[in-house]
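The block underneath contains the structure these notes are about, expressed in structure tokens.
Remember, predicted model here, so these are calculated numbers, not experimental data. Chain letters run A, B, ... following the sequence lines, proteins first and then strands; every chain starts at 1. These values consider heavy atoms only, across backbone and side chains, with no hydrogens, waters or symmetry-generated copies.
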Amino acid sequence: MANVILPSGKTVEMDGGALLSVLQERGETAAAVVVNGQLQDLRDPLPSAGEARAIGLDDPAALEVLRHTASHVLAHAVTRLYPGAKLAIGPAIEDGFYYDIRFPEPVNRDDLPKIEAEMERIIKDDLPIERVWLPRAEAEALLAEKDQAYKLELVQEIPDDKISFYRQGEFTDLCRGPHLPSTGLVKHVKLLDLAGAYWRGDAARDMLTRVYGTAFPAAEALAEHVKWREEARKRDHRTLGPELDLFSIQNEMIGAGLVLWHPKGAAIRHQIETFWKDEHYKAGYRLVVSPHIGRARLWETSGHLDFYKDGMYAPMDIEGQEFYLKPMNCPFHIAIYKTHTRSYRDLPIRYAELGTVYRFERSGVLHGLLRVRGFTQDDAHIICRPDQIEDEVLACLDLTLHILGAFGFRDYKVALSVRDPEHTEHYIGSDEMWEQAERSLVRALDRKGLPHTRMPGEAVFYGPKIDLHVLDSLKRSWQLTTVQFDFNEPERFGMAYIGDDGQAHRPYMVHRALLGSLERFFGILIEHYGGAFPAWLAPVQMVVLPVTEAEIPYAEGVADELRRAGIRAEAWTKERKTLRWLIREAQVQKVPYMLVCGAREAAGGVVAVRLRTGEDLGPQLVASAIARVQEAVAARGVAL
RNA sequence: GCCCGUGUAGCUCAGUCGGUAGAGCACUUCCUUGGUAAGGAAGAGGCCGUCGGUUCGAUUCCGACCGCGGGCUCCA
């Protein structure tokens with residue numbers, strides 16, 4: 001007898017058979033059932049012994065099944081509305097699902113409600129969803145008859161003799177499942193977006209239309225998700241950036257993917273850079289500066305012209321010599337290292353640079369500050385002995401968590417990319433080096449208590465790496481930090497240090513960037529804070545607002561005093577506007593502190609302090625207002 | 001690069017079933033001296049993305065190009 005736990009928590013004993021009828025008898029609903037850790041359909045027979053657990057619709061494990069079924073409902077609706085539509089793939093994804101379809105006619109966003117309405121009909125009809133196994137020949141014949149070339153291609157890659165299909169009403173789709181037992185269980189579904197996508201992600205193949213949607217077990221969760229999307233839209237750095245006068249990108253005049261940092265954006269960048277440099281000096285790094293271009297020889301030696309040419313701009317001719325714009329800083333740092341014979345006593349050497357690099361990105365992938373063609377990496381290269389690598393990686397992680405923590409990033413996900421064990425010949429460096437490097441990465445992560453996901457085959461050819469992703473205030477994940485071993489360049493440049501044995505040895509080199517690039521990081525920060533930068537970063541920390549023209553001299557005096565105290569302050573005296581107008585403007589500009597100066601304040605030598613949050617602190621001495629900002633700046637928190 | 005969408009004043013957008021355009025904000029001037037999220041009035045501002053086609057006439061219709069936005073495996 002098999003012991004089955006139902007969603008209600010009750011258990012039943014079953015001797016084979018399918019769970020669906022049992023659930024129906026007891027008035028319970030479920031999405032699927034877990035048997036031996038595997039999800040399967042409620043209509044599938046259970047084993048005659050062992051344990052099974054029915055997954056309720058609101059169980060997190062059911063979400064993927066729900067969305068996958070929703071994608072089938074979408075495909076079903078599309079085949080009704082657009083006879084001749086060719087279906088490709090339709091998986092559940094992180095917060096929804098999509099289906100790639102070749103439509104017989106162009107569709108656009110305005111068509112989504114119509115498709116959604118048809119989906120609602122299919123859901124309302126509560127069609128049973130049943131699995132059908134077909135022998136290969138029949139499966140291929142069926143798909144050929146339905147003229148579903150993409151599905152046919154997929155079937156031809158399936159090694160099995162029996163092919164799994166799912167049927168709901170008149171619609172049948174190739175699918176491995178599992179699925180909900182009927183369409184009626186897909187209750188809260190919404191189509192969100194439309195985009196192009198290549199068949200199998202291959203630019204040489206057909207362009208399909210990808211329809212994005214999402215589904216939730218409860219209306220509230222769906223509404224919340226829609227609200228979340230709206231919130232993310234409002235925080236878009238491409239809107240906030242120009243609105244707050246932080247940066248601009250001018251394709252026609254300057255060039256695509258090239259960023260102009262306006263004074264306010266540059267002020268924020270300056271704060272980030274100063275903080276970054278201070279912390280790097282404290283952590284034992286030495287800051288270096290390298291040029292923007294270098295001779296072809298350099299890039300030949302580094303191997304960039306072999307492996308990275310597609311990402312580099314065409315060479316320029318200077319007095320008959322070829323020069324390239326730098327896509328990376330490492331060759332320069334190595335060249336600095338090589339100016340002396342280095343002793344084992346000199347190591348580790350840590351060179352850091354806010355180095356501006358230029359990389360070719362296809363026009364279509366450029367995206368605000370997040371994907372640009374010219375950017376400043378917060379780069380560093382650590383050159384050390386084998387016995388030092390674990391401590392160096394650990395110190396790197398310490399510095400990373402310290403610096404990212406200052407921006408309020410406290411949730412991390414770490415990916416460890418290592419070799420594909422099947423094809424170690426594709427990688428440079430000895431087995432010993434790979435194993436030692438991986439060990440040092442794993443131990444350092446363990447010592448920091450950072451769980452990681454090991455990803456075989458994800459490493460680049462020259463060394464293993466860890467990538468650190470942070471979650472922002474909207475719980476979106478961004479890859480920022482990368483710590484990457486390089487077994488290639490030390491070899492190519494013949495880097496060496498003299499060991500205690502008097503012999504030359506090859507050092508280990510680690511590339512690392514904590515923030516990634518300042519441009520991208522800035523874009524992420526804008527969205528993370530929704531444009532309301534904490535006091536330590538705010539381009540204008542305090543504005544002094546005179547109530548009438550009579551208080552202008554007083555307001556200017558206050559602003560001077562604030563600036564002398566090191567505060568970024570402005571007196572808004574040029575506009576003869578009402579206080580209401582000035583307050584609104586300061587709110588829109590998201591200035592943390594507003595200091596109102598009327599006749600009362602001027603007479604008393606105080607300012608009335610209003611916070612961006614709307615909180616009114618009442619009259620304060622200028623000195624105590626100063627103390628308050630300085631405290632907030634020192635704390636680097638979001639509290640004002 | 002490719003698919004879909006889109007391009008009208010500095011910004012956000014309306015409009016013209018083909019007769020060369022309008023609002024709000026911003027800007028300039030004037031009035032208002034105002035106490036915690038927009039005081040009032042007037043003015044200025046446009047090759048209606050570019051090039052070509054149809055037409056007596058194109059910002060509007062058609063085509064091409066350019067720019068911008070969403071997206072381009074999270075594999076049945």
What donor-acceptor contacts under 3.5 angstrom involve side-chain atoms of residues 541-555 of chain A, with partners at least two apart or in another chain?
residue : atom : partner : partner atom : Å
Q541(A) : OE1  : R568(A) : N            : 2.8
Q541(A) : NE2  : A535(A) : O            : 2.8
T548(A) : OG1  : A550(A) : N            : 3.2
T548(A) : OG1  : E551(A) : OE1          : 2.8
T548(A) : OG1  : E551(A) : OE2          : 3.3
E549(A) : OE1  : R576(A) : NE           : 3.3
E551(A) : OE1  : T548(A) : N            : 2.7
E551(A) : OE2  : A599(A) : N            : 3.3
Y554(A) : OH   : V606(A) : N            : 3.0
Y554(A) : OH   : V606(A) : O            : 2.7

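- Scanning for ring pair (Phe, Tyr, Trp, His ring centres under 6.0 Å) contacts around H237(A) gives an empty result, with sequence neighbours left out.
- One finds no side-chain N or O of T209(A) lying less than 4.0 angstrom from the OP1 or OP2 phosphate oxygen of C3(B).
- Within the 4.0 angstrom heavy-atom criterion, no nucleotide atom of any strand lies near A550(A).
- The salt bridge (charged side-chain N to carboxylate O under 4.0 Å, His left out) pairs that include a residue from residues 522-531 of chain A are R476(A)-E527(A), where partners are two or more places apart or lie in different chains.
- The cationic atom of R67(A) (NZ for Lys, CZ for Arg) does not lie both less than 6.0 Å from the six-membered ring centre of F97(A) and within 45° of the ring axis.
- Here the two rings, on H76(A) and H72(A), have centers that are 6.0 Å apart or farther.
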Dot-bracket assigned to RNA chain B with the 3.5 Å Watson-Crick/G-U criterion, [ ] for crossing and | for other-strand pairs, is (((((((..((((.....[..)))).(((((.......))))).....(((((..]....))))))))))))....
Pairwise N/O distances under 3.5 Å, protein to nucleotides 49-51 of chain B:
none

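- A gap of 13 Å separates the C1' atoms of A14(B) and A9(B), to the nearest Å.
- For Y412(A), there are no ring pair (Phe, Tyr, Trp, His ring centres under 6.0 Å) partners at least two apart in sequence or on another chain.
- Using atom C1' as the reference point in both U8(B) and C48(B), the two lie 4 Å apart (nearest Å).
- Residue pairs meeting the salt bridge (charged side-chain N to carboxylate O under 4.0 Å, His left out) criterion with at least one member in residues 600-611 of chain A: none, sequence neighbours excluded.
- Considering only residues two or more places apart in sequence or on other chains, K234(A) meets the salt bridge (charged side-chain N to carboxylate O under 4.0 Å, His left out) condition with E231(A).
- With sequence neighbours excluded, no residue forms a ring pair (Phe, Tyr, Trp, His ring centres under 6.0 Å) with H188(A).
- For L579(A), whose side chain is taken as the heavy atoms from C-beta onward, the closest listed nucleotide among U33(B), G35(B), A37(B) is G35(B).
- Residue-to-nucleotide contacts include a donor-acceptor pair under 3.5 Å from the side chain of E601(A) to the base of G35(B).
- For Y593(A), there are no ring pair (Phe, Tyr, Trp, His ring centres under 6.0 Å) partners, not counting sequence neighbours.
- Taking atom CE on M594(A) and atom C1' on A38(B), their separation rounds to 15 Å, with Å as the unit.
- The residue A586(A) sits apart from the nucleic acid: no heavy atom pair falls under 4.0 Å.
- Taking only side-chain nitrogens and oxygens, W581(A) never comes nearer than 4.0 Å to OP1 or OP2 of U32(B).
- Partners of R176(A) according to the side chain to side chain donor-acceptor pair (under 3.5 Å) rule, which considers only residues two or more places apart in sequence or in another chain, do not exist here.
- Distance from the side chain of E549(A) is smallest to G34(B) among A37(B), G34(B), G35(B).
- In this structure, a donor-acceptor pair under 3.5 Å is absent between the side chains of W572(A) and E585(A).
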Summarise protein proximity over nucleotides 71-76 of chain B in one line of letters, 5' to 3': B for base, S for sugar-phosphate only, - for none, counting protein heavy atoms closer than 4.0 Å.
BBBBBB
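- Going from the C1' atom of A42(B) to that of G52(B) covers 43 Å, rounded to whole Å.
- Heavy-atom distances to RNA chain B give each of L366(A) and L208(A) a nearest nucleotide, and the one nearer the 5′ end belongs to L208(A).
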